[in-house]
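Some notes on the structure that comes next.
When a ligand or atom number is given, it counts from 1 through the structure's own listing order. Remember, predicted model here, so these are calculated numbers, not experimental data.
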Amino acid sequence: MFDLTPYNTFGLAVQSKDGVVISSLADLKRVQADNVLILGHGSDVLFTDDYNGTVLINQIKSLSVEKDGDKYIVKAGAGIVLDSLIESLISQNIFGLENLSSIPGTVGAAPIQNVGAYGVEIGDVIKEVVTYDLQRHITQTFSKEECEFAYRSSYFKTHKSRPLVITQVVFELSSKFSPKLIYKGLSGESFATASDLRNKIVSLRKEKLPDPSLVGNAGSFFKNPIVDKSVVDALRKKYDSIPVYEAENGLFKLAAGWLIEKAGCKGITHGNVGTWEKQSLVIVNRGNAKPHEVVALAKYIMAEVLNKFNIKLEPEVRTYGSKGEISWDTL
Ligand code: FAD
Ligand code: EPU
């Protein structure tokens with residue numbers, strides 16, 4: 001058995017049948033096992049049970065940087081720590097990823113849910129994603145358009161039938177620092193250097209989010225709901241301070257954290273789990289939590305929000321049982 005406790009930031013004591021560290025494409029090509037799950041740092045996963053299969057731990061760390069006029073093409077191995085890459089690129093005056101500073105996890109996982117924070121999504125600066133198909137044994141390069149990036153989504157998240165492993169992400173970055181300051185907490189501020197912006201993002205995140213090395217969690221447990229104008233109009237009549245953001249295709253994004261707080265679920269504790277006192281969108285392990293406690297609390301929160309606002313929250317975390325990924329409708 002392979003201990004998955006260090007490979008899920010919730011810190012749940014779960015195991016898999018086997019575990020293999022993958023350091024190169026050659027290692028990946030040698031994988032023979034069935035029921036394979038690829039993990040980076042496990043900072044977006046919830047295991048509801050021991051996993052009856054082989055977990056591949058991605059540590060492919062190749063890196064190349066090429067200058068092309070005032071652009072940089074950065075080809076990053078999927079096992080590189082995303083935040084270390086961002087810090088290193090800033091020190092080399094290569095810009096575009098500053099707002100994503102301090103997001104836990106690997107480069108290879110980042111395109112899957114198109115990680116985003118503080119007004120930037122990783123898909124904004126991706127040129128290509130390189131994958132290896134574990135069934136057909138072929139490598140394939142996806143252009144930015146083929147990745148179908150959207151809010152917390154991409155081709156890789158919506159087409160799960162193919163066992164694609166992301167091996168490399170190709171970024172198109174800039175030699176000029178042009179800060180993106182559309183996030184409310186950044187607008188009106190000015191940043192002389194990308195390091196200043198990075199430091200601001202790191203401190204904003206420290207104020208709100210628990211450090212997984214101290215308090216087990218997987219970041220936002222739920223996605224922010226996307227709704228149409230009629231829902232927003234009805235909510236605004238009852239709650240004039242409700243935060244609402246414009247989304248794509250004429251739709252609107254609500255703040256799940258606000259809904260959870262207003263449904264009375266901020267900072268609550270149920271057994272060994274709870275919601276974070278400073279950000280109710282984050283479910284935390286208060287010590288020795290069991291998977292079923294996380295599931296029960298998430299379901300409780302979903303029921304409370306549905307009851308108060310008639311809005312169905314959808315989990316953002318990827319949830320795995322003994323046989324593979326589980327849909328919350330079946331839990
Ligand atoms: P894992 O959790 O290991 O894997 C996540 C999913 O991707 C799994 O389904 C896994 O099978 C799959 N996967 C992983 N690597 C590969 C690969 N190479 N090829 C194919 N599939 C793969 N997310 C945001 O978007 N914005 C935030 O601001 C943010 N803040 C966070 C704060 C905290 C404290 C925490 C704990 C998490 C936060 N997250 C955030 C979520 C998390 O950081 C991201 O989803 C991150 O990309 C996960 O990386 P990982 O390497 O840990 O992936
Ligand atoms: N809010 C509350 N109560 C709370 C939490 C939030 O009222 O308990 C309100 C805030 O006051 C604000 C609004 O909700 O008006 C939005 O809050 P915040 O700016 O903190 O962002 P978020 O929508 O809660 C999203 C991402 C985070 C990302 C931040 C910053 C999702 C699901 N979450 O959170 O990503 O870091 O924006 O851009 O989109 C993650 O995905 O794991 C994650 C942490």
Side-chain angles (χ1 to χ4, degrees), residues 4 7-10 22 28 36-46 55-60 77-83 99-122 129-132 134 151-152 154 156-157 160 162-169 182-186 201 204-226 241-245 253-262 265-267 275-282 284 313-320 324-325:
L4 290 175
Y7 296 108
N8 75 100
T9 59
F10 258 121
I22 301 292
L28 207 48
V36 164
L37 168 64
I38 176 100
L39 282 186
H41 296 170
S43 53
D44 202 35
V45 294
L46 169 66
V55 167
L56 307 181
I57 306 295
N58 182 2
Q59 291 193 5
I60 301 175
I80 293 175
V81 177
L82 178 64
D83 190 52
N99 297 48
L100 304 180
S101 291
S102 192
I103 294 183
T106 51
V107 164
I112 294 167
Q113 71 150 356
N114 185 21
V115 296
Y118 303 98
V120 172
E121 291 181 333
I122 202 143
V129 170
V130 183
T131 64
Y132 182 74
L134 284 168
Y151 168 63
R152 293 298 187 272
S154 71
F156 311 105
K157 200 167 172 183
K160 291 175 194 159
R162 290 174 61 198
L164 293 182
V165 174
I166 293 177
T167 55
Q168 186 185 66
V169 179
I182 59 163
Y183 181 78
K184 209 170 147 207
L186 295 174
I201 300 280
L204 276 175
R205 294 181 67 95
K206 272 198 184 137
E207 275 167 32
K208 289 186 193 173
L209 295 166
D211 176 349
S213 67
L214 305 173
V215 179
N217 77 92
S220 299
F221 195 91
F222 301 100
K223 288 188 274 191
N224 284 331
I226 307 287
S241 65
I242 186 169
V244 177
Y245 310 93
K253 197 194 276 178
L254 303 176
W258 187 94
L259 298 171
I260 294 169
E261 179 173 343
K262 294 292 178 275
C265 298
K266 188 173 194 172
T275 53
W276 190 235
E277 286 68 14
K278 298 170 190 161
Q279 169 47 286
S280 50
L281 198 40
V282 181
V284 292
L313 290 181
E314 278 179 35
E316 175 194 296
V317 295
R318 306 288 292 273
T319 306
Y320 293 91
E325 189 157 17

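Using a 4.0 Å cutoff on heavy atoms, Arg205 counts as a contact of ligand 2. Heavy atoms of Phe156 come nearer than 4.0 angstrom to ligand 1 in no pair at all. A heavy-atom separation below 4.0 Å is found between Tyr245 and ligand 2. Assignment of Glu121 to the shell around ligand 1 is not supported, since no heavy atom sits closer than 4.0 Å. Between Phe222 and ligand 2 there is a heavy-atom distance shorter than 4.0 Å.
Checking atom 11 (O) of ligand 2 against the protein gives no heavy-atom contact under 4.0 Å. The presence of a protein heavy atom under 4.0 Å from atom 16 (C) of ligand 2 is confirmed. For atom 37 (O) of ligand 2, the nearest protein heavy atom lies 4.0 Å or farther away. Per-atom contact check: atom 4 (C) of ligand 2 touches the protein, criterion being a heavy-atom distance below 4.0 Å.
In the candidate list Arg152, Glu277, Lys262, Gln279, Gln279 is nearest to atom 21 (O) of ligand 2, counting heavy atoms. Among Gln113, Glu121, Lys208, the residue whose heavy atom lies nearest to atom 20 (O) of ligand 2 is Lys208. In this structure, of Ser220, Cys265, Gly105, Gly185, the residue bringing a heavy atom nearest to atom 40 (C) of ligand 2 is Ser220.
With hydrogens left out, the protein atom closest to atom 7 (O) of ligand 2 is Trp258 CD1, 3.3 Å, a heavy atom. Nearest to atom 8 (O) of ligand 2 among the protein's heavy atoms is Ser280 OG, 2.7 Å. The protein heavy-atom contact nearest to atom 43 (O) of ligand 1 is Pro104 O, 2.7 Å.
In this structure, Thr106 contributes its side chain and Ile80 its backbone to no donor-acceptor pair below 3.5 Å.
At under 3.5 Å, a nitrogen or oxygen of Asn58, whether backbone or side chain, sits near a nitrogen or oxygen of ligand 1. For the pair Tyr151 and ligand 2, the shortest N or O to N or O distance falls below 3.5 Å.
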